[in-house]
*Asks:* 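Quick one: the structure is below, and I'll ask about it shortly.
Ligands are counted one by one from 1 in listed order, and the atoms in each one are counted from 1 as well. Hydrogens, waters and symmetry mates play no part in the numbers below; they use all other heavy atoms, side chains included. For the single chain, residues carry numbers from 1 onward in sequence order.
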Amino acid sequence: MGGFCLPSVLLILFTIGMSSAHSCKPQMLCPFGWESWGGSCYKLLEERMTWQEGRLKCQELGGEMVAPSSLEENNYLLSKTSYRAWMNCNDLENEGQWDCTSDNGGYRNWKTPHEPNGGTSENCVELSSSLVWGGKWNDAPCSNEYHIICKGKEVVATQAKLKQWRLLASCLTGHTLREIPTSNVRVCATVCDYDPRCRSFNVQHFVTGERICQINNGTRYEADHTQFVKSEKPLTCIYGER
Ligand code: MMA
Ligand code: CA
């Protein structure tokens with residue numbers, strides 16, 4: 001794993017000067033279209049489907065239908081849908097014995113005292129954020145069509161090759177698609193590589209030492225010239241384009 005251990009002494013010195021701690025950790029990212037939370041990646045599918053269809057679809061996408069392992073994760077899932085979503089738990093094999101994903105760790109969040117109550121006609125578990133259900137679990141017929149949330153692992157970002165980028169001491173304003181905290185330019189270039197919408201990026205340095213990476217949906221050539229702002233001394237902005 002290459003991560004962000006930089007190859008030459010010069011670059012190491014440069015990086016120590018510029019940032020610090022993160023220079024040797026592999027940079028982990030969620031694939032485009034997946035949201036990062038708690039070290040994993042999550043994706044709400046657009047269509048509603050049955051429990052079995054959802055489980056299959058998540059596997060096709062390289063993940064698993066989610067079964068939360070904590071109240072925090074349960075509540076994070078609620079932020080992804082205001083409808084009802086299938087959880088990766090069922091008692092299809094042994095009635096009353098709920099089997100969830102291995103990473104669920106035995107966490108349960110039933111709407112007590114009534115659920116689960118469906119016997120052999122309700123063998124799959126839903127999470128509902130409605131007022132009635134309050135983000136708790138219910139057993140329901142697996143053929144119902146609900147939202148599906150897939151969970152996947154973060155992937156090791158392949159290092160962006162900075163040689164492919166022209167770096168300028170400026171910032172492109174008014175074209176930001178999203179912002180992420182970052183440690184350095186290479187990380188920002190990598191994030192740009194992973195987002196098909198990204199055409200250029202800015203790394204902004206604040207006096208507090210904080211840096212943010214801005215992913216832009218255009219380059220300085222499409223921008224109004226007033227939107228391409230030269231950095232003042234000391235350097236506060238680095239712009240990158242391919
Ligand atoms: C519905 C269905 C069940 C649930 C009950 C609770 C009528 O059935 O969602 O799974 O247990 O409501 O009243
Ligand atoms: Ca039920």
*Asks:* Students should be able to answer this: which protein heavy-atom is nearest to atom 9 (O) of ligand 1, and at what distance?
*Replies:*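 I find the closest protein heavy atom is Asn138 ND2, 3.2 Å.
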*Asks:* Which protein non-hydrogen atom lies closest to atom 6 (C) of ligand 1, naming both residue and atom, and how far is it?
*Replies:*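 Going by distance alone, atom 6 (C) of ligand 1 is nearest to Glu115 OE2, 3.5 Å.
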*Asks:* Roughly, to 10 degrees, what angle do Glu115 atom OE1 and Asn138 atom OD1 form around the Ca ion (ligand 2)?
*Replies:*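 Output for this angle: 70°, rounded to tens.
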*Asks:* CD1 of Ile215 to CG of Leu177: how many Å apart, nearest 0.5 Å?
*Replies:*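 Result: 8.0 Å between the selected atoms.
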*Asks:* For atom 12 (O) of ligand 1, which protein heavy atom lies nearest, and how many Å away is it?
*Replies:* Trp133 CZ2, 4.4 Å
*Asks:* Disulfide bond (SG atoms under 2.5 Å apart), that's the test. Do Cys124 and Cys89 meet it? Break it down for me.
*Replies:* CA-CA 6 Å; Cys124 292; Cys89 304; over 6 Å; no
*Asks:* Answer yes when Glu241 and Arg166 have at least one side-chain N-carboxylate O distance shorter than 4.0 Å, and no when they do not.
*Replies:* yes
*Asks:* State whether the shortest distance between N or O atoms of Glu122 and N or O atoms of ligand 1 falls below 3.5 angstrom.
*Replies:*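 Yes.
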*Asks:* Looking just at side-chain N and O atoms, do Glu73 and Ser70 make a donor-acceptor pair shorter than 3.5 Å?
*Replies:* no
*Asks:* Output yes when a side-chain donor or acceptor of Gln227 lies under 3.5 Å from a complementary backbone atom of Asp224, and no otherwise.
*Replies:*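 The answer is yes, because a donor-acceptor pair under 3.5 Å joins these two groups.
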*Asks:* Would you confirm whether any non-hydrogen atom of the protein falls under 4.0 Å from atom 4 (C) of ligand 1?
*Replies:*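 Yes, because at least one protein heavy atom sits under 4.0 Å from atom 4 (C) of ligand 1.
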*Asks:* Side chains of Asn216 and Ser200: is there a donor and an acceptor less than 3.5 Å apart?
*Replies:*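 Short answer, yes.
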*Asks:* What do you get for the angle at the Ca ion (ligand 2) between OD1 on Asn117 and OE1 on Glu122, to the nearest 10 degrees?
*Replies:*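 That angle is 80°.
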